[in-house]
Amino acid sequence: MQDLTKTRNIGIAAHIDAGKTTVTERILYYTGRQHKIGEVDEGTATMDYMREERERGITITSAATTVKWKGFRVNIVDTPGHVDFTAEVERSLRVMDGCVVVFCGVGGVEAQTETVWRQAQRYHVPRIAFVNKLDRVGADFARAVASIRERLNANPLPLQVPIGSEKGFRGVVDLLEMKGIVYEDDLGKKQTTVEIPPELVDEAQKYRDGMFEVLTQFSDELLESYLGGEDIPREKLEKAIFESTVAQRISPVLCGSALRNKGIQPLLDAICAYLPSPLDLKEVKGIHPERDREVTFKISDKEHFAALAFKVVADKHGDLTFLRIYSGVLNQGRQVYNPRTRRKERVGQIYYMHADDRVATQTAHAGEIVAVIGLKDTATGDTLCEKPHPILLESIDFPEPVLLMAIEPRSTGERRKLEEALKRLEKEDPTFTYRLDDETGQTIVSGMGELHLEVLGRRLVDEFNVEVRIGTPQVAYRQTVSKAAEAEGKFSRAIAGKSHFAVVRLVLEPAPEEAHAVVVSEVKDAQLTREMIAAMERGAKNSASSGLGLGYPLINVRARILGAEYRSGDCSELAFEAAADAALRAAAEKTDIVLLEPVMRLEVHVPQEYLGDVLNDLTVRRADIQDVATIAEMKIIRGAAPISEMFGYATTLRSLSQGKAVYTMEPHGYVPVPKERIEEMFQY
């Protein structure tokens, strides 16, 4: 059994094109996992195994693998960088103990980097920063570190500085040893330890002094040694760095050029030295699903079993469910309990994964990441445990889809086949949904962006053999309310000879702090069962998501159920649910409905000579320009724009800049639609 103190579960995340998958490919090579270096641009990257990934040169789905390095077992999840696939990053970081965030040495912190960093903070994941691409023209290590400090409000701690710059980049200075490491062969295998080049001595000493200045704030032992002028051993420094990293007081910064095979071995050393093992979590915390109290298990094989399902992949041989095991042991054939469904399921095969390759195992242990076959009703974010010792682990929140489009099979005979394929894709991807439009009879699919929906459309053809016609993407508008309103709803009807009666009273009010529509019960009636209260909450929730007012779901609202009337013998869950639905609809009619549109955070990199034309075009698109900065030879425009105005922007930007500008977007929330725009949308 693997020593958990020498196990590391890490994610590798970054903005698109920062070199994240290239870093992972080099890790596979230097650890001996692969004997040939895979290249993203050539479509030979091991971790980009899907056809779409290899054709487009981007990561679409997170891929897991395991490597061994100097006695350590490192479980790695390589995540996508494109914002349309941010759910893959979200669910991967939820189960990771540490993360390597890759930064471009030229661009520093970029739009998606901020998202990745926030996701890691949300799940309290310690981070190492790796400044990549230092061989590129315009690369600047100091500027990249400064951007981490300023834009991420982080505390970066450089442990290395580069030797040489741009094409002259040839190695790094190790600030703990105050020695240089240079690479003398193209494959980066031949490392030589050298004295620090004379022109870098002062700079390296300045960075080393800065390192001690930071670390001594958090370690009294180190402060004593430093003030006493002692020669501090590397082990004591590494201990201080490890403790501060795990406590998320600092983020160690290393540097290199993955494409040029420089800096990866020291990065592996840092992963093992500074990121936590599963045991450093001490215990896993959750909620008892029925008693609403905290439950804790130790991270140990001897504890009760608890695992989180963080990813489901549709497979023709059975869904492949990825699990992070927090405590206990999972054996092939074992029954596990799902508190959400209140059902038991049996685990079939258990696999360790290397991208899309599988290695079967009979047993998986605490701290491990595995994939299993046999779970039919387990979804992303579900907890699996033992029924006598239930626990509900923190689930995973996913962003709302911002685009939707109509999709239909090319022949009526394939309609059922299409529905089966969409069901499997929806189970696999929590940010993809589909529904049947009652008015038009069309199937409407929703996703995170044009690329997201385009890739899913291709997968329907390539993987599921369904020929489809796809409509033009449309905006997924939402609604909210501007003031509180109280109303009641009544349901009184005889169904199949039985009378059903209930009256529900509630208040619908604005709640900007809530991302979705939230329903809470304030009913004090002790005669109402938990099932009846749940039925009222369900009815109000369904009503809020069904499309009131202008026909779009409600967000940023709270519905407070105040009370209910019922008759003994005539009350039923059906009556309470229907009455709550009617109450929320009545409350919505009494208040002012506000139409909201999704806004994208935007970052455009454009040469100076095209800046004016690009800014003018963004103004026409109702963009809110917040900042124009300069990095190397490029101007960086940062702002926000309604997604409705950004369709086809890639083509326009290429035309305005002769193909020299690039941009990224990510969901940034919802804002009220201007009155004149609403009039355009609903004019007849």
Side-chain angles (χ1 to χ4, degrees), residues 83-84 111 399-406 433 435 437 439-440 442 444-453 470-483 485 508 510-512 514-517 544-557 585 588-604 612-628 637-653 655-656 663-684:
V83 64
D84 282 19
E400 286 276 329
V402 295
L403 284 187
L404 49 87
M405 66 184 185
T433 62
R435 63 180 173 83
D437 190 302
E439 293 183 7
T440 65
Q442 290 180 308
I444 306 297
V445 297
S446 304
M448 296 306 298
E450 291 180 87
L451 180 60
H452 185 204
L453 293 176
I470 297 175
T472 304
Q474 304 293 320
V475 178
Y477 290 97
R478 294 291 183 265
Q479 298 176 120
T480 191
V481 299
S482 61
K483 61 183 181 182
L508 180 64
E514 304 289 0
H516 307 288
S545 62
S546 64
L548 305 172
L550 297 172
Y552 301 103
L554 289 174
I555 64 169
N556 306 143
V557 297
R585 290 178 183 277
E589 289 179 2
K590 288 185 176 183
T591 187
D592 294 328
I593 296 287
V594 179
L595 184 64
L596 303 174
E597 63 181 340
V599 170
M600 307 297 283
R601 185 163 56 175
L602 177 71
E603 188 169 291
V604 184
D613 290 341
V614 171
L615 284 172
N616 288 337
D617 179 69
L618 287 173
T619 301
V620 172
R621 295 173 185 270
R622 296 194 284 130
D624 175 22
I625 306 301
Q626 296 154 0
D627 179 43
V628 179
I637 304 169
R638 299 188 182 104
I643 194 172
S644 60
E645 304 287 352
M646 299 305 291
F647 292 137
Y649 185 61
T651 302
T652 301
L653 186 62
S655 175
L656 291 173
Y663 79 103
T664 55
M665 292 193 305
E666 65 171 333
H668 189 50
Y670 288 82
V671 299
V673 179
K675 183 179 178 182
E676 59 274 15
R677 176 70 180 132
I678 296 176
E679 291 172 353
E680 291 175 14
M681 290 170 60
F682 294 98
Q683 65 182 349
Y684 295 99

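The nearest pair of heavy atoms linking Ser644 to Tyr477 is CB-OH, 4.0 Å. Between Thr591 and Ser482, the closest heavy-atom pair is OG1-N, 4.2 Å. Thr480 and Asn556 get closest at one heavy-atom pair: OG1-O, 3.3 Å. Closest approach of His668 to Met600, counting heavy atoms only: CB-C, 4.0 Å. Of all non-hydrogen atoms in Glu597 and Pro674, the two that sit nearest each other are OE2-CD, 3.8 Å. Taking both residues in full, the closest heavy atoms of Gly648 and Glu450 are given as N-OE2, 4.1 Å, listed atom of the first, atom of the second, then distance.
Residues passing the salt bridge (Lys or Arg N to Asp or Glu O under 4.0 Å) test with Asp592 are Lys483, sequence neighbours excluded. Among residues two or more places apart in sequence or in another chain, the salt bridge (Lys or Arg N to Asp or Glu O under 4.0 Å) test is passed with Asp617 by Arg621.
For Glu603 (side chain) and Thr664 (main-chain N/O), no donor-acceptor pair under 3.5 Å exists by modelled atom type. Formation of a donor-acceptor pair under 3.5 Å by the Ser655 side chain with backbone atoms of Thr651 is not found in this model.
Rounded to the nearest 0.5 angstrom, His516 NE2 and Ile555 CD1 are separated by 8.5 Å. To the nearest 0.5 angstrom, Leu403 atom CG is 12.0 Å from Met646 atom CE. The structure places OG of Ser446 at 11.0 Å from CD of Gln474, a figure rounded to the nearest 0.5 Å. Here CD of Gln626 is found 9.5 Å from CG of Leu602. Values are rounded to the nearest 0.5 Å. Rounded to the nearest 0.5 angstrom, Leu615 CG and Ile637 CD1 are separated by 4.0 Å.
The shortest distance between side-chain heavy atoms of Ser545 and Leu554 does not fall below 4.5 Å. Residues Leu618 and Tyr663 have side chains not in contact (no heavy-atom distance under 4.5 Å, counting atoms from C-beta outward). No side-chain heavy atom of Met405 sits less than 4.5 Å from a side-chain heavy atom of Thr472. Using a 4.5 Å cut-off on side-chain heavy atoms (C-beta onward), Val475 and Phe647 make contact.
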| Would Val594 and Val481 satisfy side-chain contact (heavy atoms from CB on, under 4.5 Å), going step by step from the backbone distance to the final call? | CA-CA 6 Å; Val594 179; Val481 299; over 6 Å; no
| request: Any chance you could lay out the side-chain hydrogen bond (donor to acceptor under 3.5 Å, both in side chains) test for Arg585 and Ser546, step after step, and finish with the verdict? | output: CA-CA 10 Å; Arg585 290 178 183 277; Ser546 64; 2.9 Å; yes
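Put simply, the residue from Ile643, Val671, Asp624 that forms a side-chain contact (heavy atoms from CB on, under 4.5 Å) with Val599 is Val671.
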